[in-house]
Amino acid sequence: MSMAFHLRGIHPPHRKNTLKQPTVRMDAPTSVTIPMAMHIGAPAIPTVKVGDSVMVGTKIGEASGKISSNVYSSVSGKVTKLAEYLPPYGNATTAVVIESDAKMTVDPAICPPSVNSRDEFIAAIRESGIVGLGGAGFPTHVKLDVAPERIEYLIINGAECEPYVTSDTVTMLTRADDMAYALCQLNRHLGINNVIIGIENNKKEAISAMNTMAASISECTVNVKSLPSVYPQGGEKVLIYHTTGRKVPAGKLPIDVGCIVLNCTTLAAIGAYLRTGMPLVEKCVTVDGGAVKNPQNIIAPIGTLIEDLFSFCGGLRAQPAKIIYGGPMMGVTVPDTNYPVLKNTNAILALTEKEAKLPKPTACIRCGTCTNTCPFGLAPASIAAAYEKKDTEALKALSVETCMECGCCSFVCPANRPLVQMNKLSKQLLKEEQKKEVPKS
């Protein structure tokens, strides 16, 4: 199927309320709950038991298999529980609960990794526990572990097109040194010479900061590309098209067209780890929404409970009707505040009834607006009709599996149809059908 990116998309209200607020580092919470699965792939295996003492940067979970990621303690204190953790998406996993001693003592074993070759570089990134911090959570060492000659472009995603969320923009404004160091090391060990930083044109301060950073780097060519402010500009395939003109075919990966995409905060985390040896133990999180008293960006230990984030923001001004991991377009709703900050948590939103209430859907009027808006040129109304009939052959023909679940179709539908939800259900139906087709051994 031919992808039809161009400038299709939508213009939701930005609501970047926290952009001008100073970023604040949070003190150690009373306890943290750190899941062993905060990434795509196999969960880590706990390496601690109840009663063990840990420090900031102590490994508490060992990656299992190639596509997995190490997990580290974000506070100093004592392990009090290994509990089952049921995330709002995905399968149940184990979480390590640590009671903080409030001292934030750093593990004395922490030191910068020795990196003198490509293999040592990949091993260091694997050890760091860094995953895609823009939302997907794909282990970064796996993404980078490709033949260097296949990499023509490294694209840094600074689009941050979701409403409310500003944590990536703050990273570009405050952590340019970490980003520059990472780019130099990527050039040195992986031979990456062409870097494009894609940023929406409404983030002028970030564009200026990245241009200054680019001018300071002589090891590789770094181009900062100002992109139209249109959602979902930050979608991986959309970003690749708008920065390089290349289209990633359905079923293929960015590397198949010579591209690797890293989120700007992921890049900063790589630089910080290579400089200091401190693994991924904290995250900058945008805390916003009409129910939050003092919205702001918070640097919080991974595993901090949502209720502690809200308390740090002065509490809630109203009972939230919906609490969301991430932005309102692609975020995931959680049932209460007893869920933790994960590696890939870029925002926590507490929305009021007015912000969260969805209009009542009515019958499809066959207007075609959903198709005209979809970045991939899919036909969401037809997909919904096929799903209702459980017509898997039609769903395959309609290429529903290429849907990135951006939510543009639902946003523009004049009948308020839950089209993106139908796309998700359709993809799940196809997966179940495929499982049935696999012969039993």
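Count residues from 1 along the sequence. In what follows, every heavy atom counts, from backbone to side chain, and hydrogens, waters and symmetry copies are set aside.
- Taking 4.5 Å as the limit, every side-chain heavy atom of Leu133 sits out of range of all side-chain heavy atoms of Thr345.
- Residues Ser229 and His14 bring a donor and an acceptor atom of their side chains to less than 3.5 Å of each other.
- Residues Asn17 and Asp288 bring a donor and an acceptor atom of their side chains to less than 3.5 Å of each other.
- The closest side-chain heavy-atom distance from Cys413 to Cys370 is not below 4.5 Å.
- A pairwise comparison of heavy atoms in Ser426 and Leu395 identifies OG-CD2, 3.7 Å as the closest pair.
- Between Thr166 and Asn297, the side chains place a donor N or O and an acceptor N or O closer than 3.5 Å (distance only, hydrogens not considered).
- In this structure, Asp178 CG and Met213 CE are separated by 11.0 Å, a value rounded to the nearest 0.5 Å.
- Side-chain contact between Leu186 and Leu154: present, with at least one pair of heavy atoms (C-beta onward) separated by less than 4.5 Å.
- Closest non-hydrogen pair, Cys220 versus Leu183, comes out as SG-O, 4.3 Å.
- Distance SG/Cys408 to NE2/His11: 10.0 Å, rounded to 0.5 Å.
- Glu152 has a carboxylate O that lies under 4.0 Å from a charged side-chain N of Arg246, or vice versa, which qualifies the two as a salt bridge.
- For the residue pair Thr169 and Glu160, a side-chain donor N or O sits within less than 3.5 Å of a side-chain acceptor on the partner.
- Residues in residues 181-190 take part in these side chain to side chain donor-acceptor pair (under 3.5 Å) pairs, two or more places apart or across chains: Gln185-His189, Asn187-Asn193.
- Annotation: side chain of Val97 is not in contact with side chain of Val79 (no heavy-atom distance under 4.5 Å).
- Scanning both residues, Thr402 and Leu378, for their nearest heavy atoms gives OG1-CD2, 3.4 Å.
- The line from CE of Met422 to SG of Cys409 is 11.0 Å long, rounded to the nearest 0.5 Å.
- The side-chain heavy atoms of Ile298 and Leu309, taken from C-beta on, include a pair separated by under 4.5 Å.
- A donor-acceptor contact closer than 3.5 angstrom is absent between the side chains of Ser100 and Ser31.
- Distance alone, capped at 3.5 Å, is enough to place a donor-acceptor pair between the Asp52 side chain and the Lys49 backbone.
- No side-chain donor-acceptor contact under 3.5 Å links Lys247 to the backbone of Lys237.
- Ionic pairing of Glu120 and Arg126 is not present here: no N-O contact between side-chain nitrogen and carboxylate oxygen is shorter than 4.0 angstrom.
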Candidate pair Arg118 and Asp145, rule salt bridge (Lys or Arg N to Asp or Glu O under 4.0 Å), full reasoning: CA-CA 9 Å; Arg118 176 189 176 280; Asp145 192 10; 2.9 Å; yes
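- The closest donor-acceptor contact from the side chain of Thr18 to the backbone of Gln296 lies at 3.5 Å or more, if one exists at all.
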Let me have the donor-acceptor pairs involving side chains of residues 105-115, under 3.5 Å, with sequence neighbours excluded, atom names and distances please.
unit_1	atom_1	unit_2	atom_2	d
Asp107	OD1	Ala109	N	2.9
Asp107	OD2	Thr58	OG1	2.7
Ser114	OG	Asn116	ND2	3.3

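- A distance-only check finds no donor-acceptor pair linking the side chain of Thr243 to the backbone of Gly198 [under 3.5 Å].
- Under the rule for a side-chain hydrogen bond (donor to acceptor under 3.5 Å, both in side chains), the partners of Glu62 that lie at least two apart in sequence or sit in another chain are Lys59.
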Worked check of side-chain contact (heavy atoms from CB on, under 4.5 Å) between Leu262 and Ile270: CA-CA 10 Å; Leu262 293 179; Ile270 292 172; 4.2 Å; yes
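- Note that NZ of Lys225 is 15.0 Å distant from CD1 of Ile156, once rounded to the nearest 0.5 Å.
- Looking at Glu200, its side chain does come within 3.5 Å of a backbone N or O of Val230 through a donor-acceptor pair.
- The closest donor-acceptor contact from the side chain of Thr33 to the backbone of Gly303 lies at 3.5 Å or more, if one exists at all.
- For Asn211 (side chain) and Ile207 (main-chain N/O), a donor-acceptor pair under 3.5 Å exists by modelled atom type.
- Salt bridge Glu393/Lys396: present, at least one basic N to carboxylate O contact under 4.0 Å.
- Side-chain contact between Ile299 and Val24 is absent, with no heavy atoms from C-beta onward closer than 4.5 Å.
- Evaluation of the salt bridge (Lys or Arg N to Asp or Glu O under 4.0 Å) rule for Glu205 yields Lys20 as partners, not counting sequence neighbours.
- Remark: Gln233 CD to Ile199 CD1 distance equals 11.5 Å, nearest 0.5 Å.
- Taking 4.5 Å as the limit, every side-chain heavy atom of Phe138 sits out of range of all side-chain heavy atoms of Val131.
- A distance of 7.0 Å separates CD1 in Ile130 from CG in Leu274, rounded to the nearest 0.5 Å.
- Distance alone, capped at 3.5 Å, places no donor-acceptor pair between the Thr221 side chain and the Asn194 backbone.
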Side-chain donor-acceptor pairs of residues 252-261 under 3.5 Å, sequence neighbours excluded:
unit_1	atom_1	unit_2	atom_2	d
Asp256	OD1	Arg150	NH2	3.3
Asp256	OD2	Leu253	N	2.8

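- Listed by first and then second residue, the side chain to side chain donor-acceptor pair (under 3.5 Å) pairs involving residues 324-344 are Ser69-Lys343 (not counting sequence neighbours).
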Criterion side-chain contact (heavy atoms from CB on, under 4.5 Å) on Glu162 and Val165, from CA distance to verdict: CA-CA 6 Å; Glu162 278 264 13; Val165 189; 4.0 Å; yes
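- Here the options are Ile60, Leu82, Ile34, Val71, the test is side chain to side chain contact (heavy atoms under 4.5 Å, CB included), and the partner is Pro46; only Leu82 passes.
- Judged by distance alone, the side chain of Thr171 and the main-chain N or O of Thr265 form no donor-acceptor pair under 3.5 Å.
- Side-chain contact between Thr371 and Pro380 is present, with heavy atoms from C-beta onward closer than 4.5 Å.
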Pair Glu127-Tyr273, side-chain contact (heavy atoms from CB on, under 4.5 Å): steps then yes or no: CA-CA 10 Å; Glu127 192 64 23; Tyr273 175 72; 3.8 Å; yes
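- Checked by atom type and distance alone, the side chain of Lys203 pairs as donor or acceptor with a backbone atom of Ala159 at under 3.5 Å.
- Looking at Glu282 and Arg25, a side-chain N of the basic residue comes within less than 4.0 Å of a carboxylate O on the acidic one, giving a salt bridge.
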Evaluation steps, side-chain contact (heavy atoms from CB on, under 4.5 Å), between Val238 and Phe376: CA-CA 9 Å; Val238 177; Phe376 294 172; 4.2 Å; yes
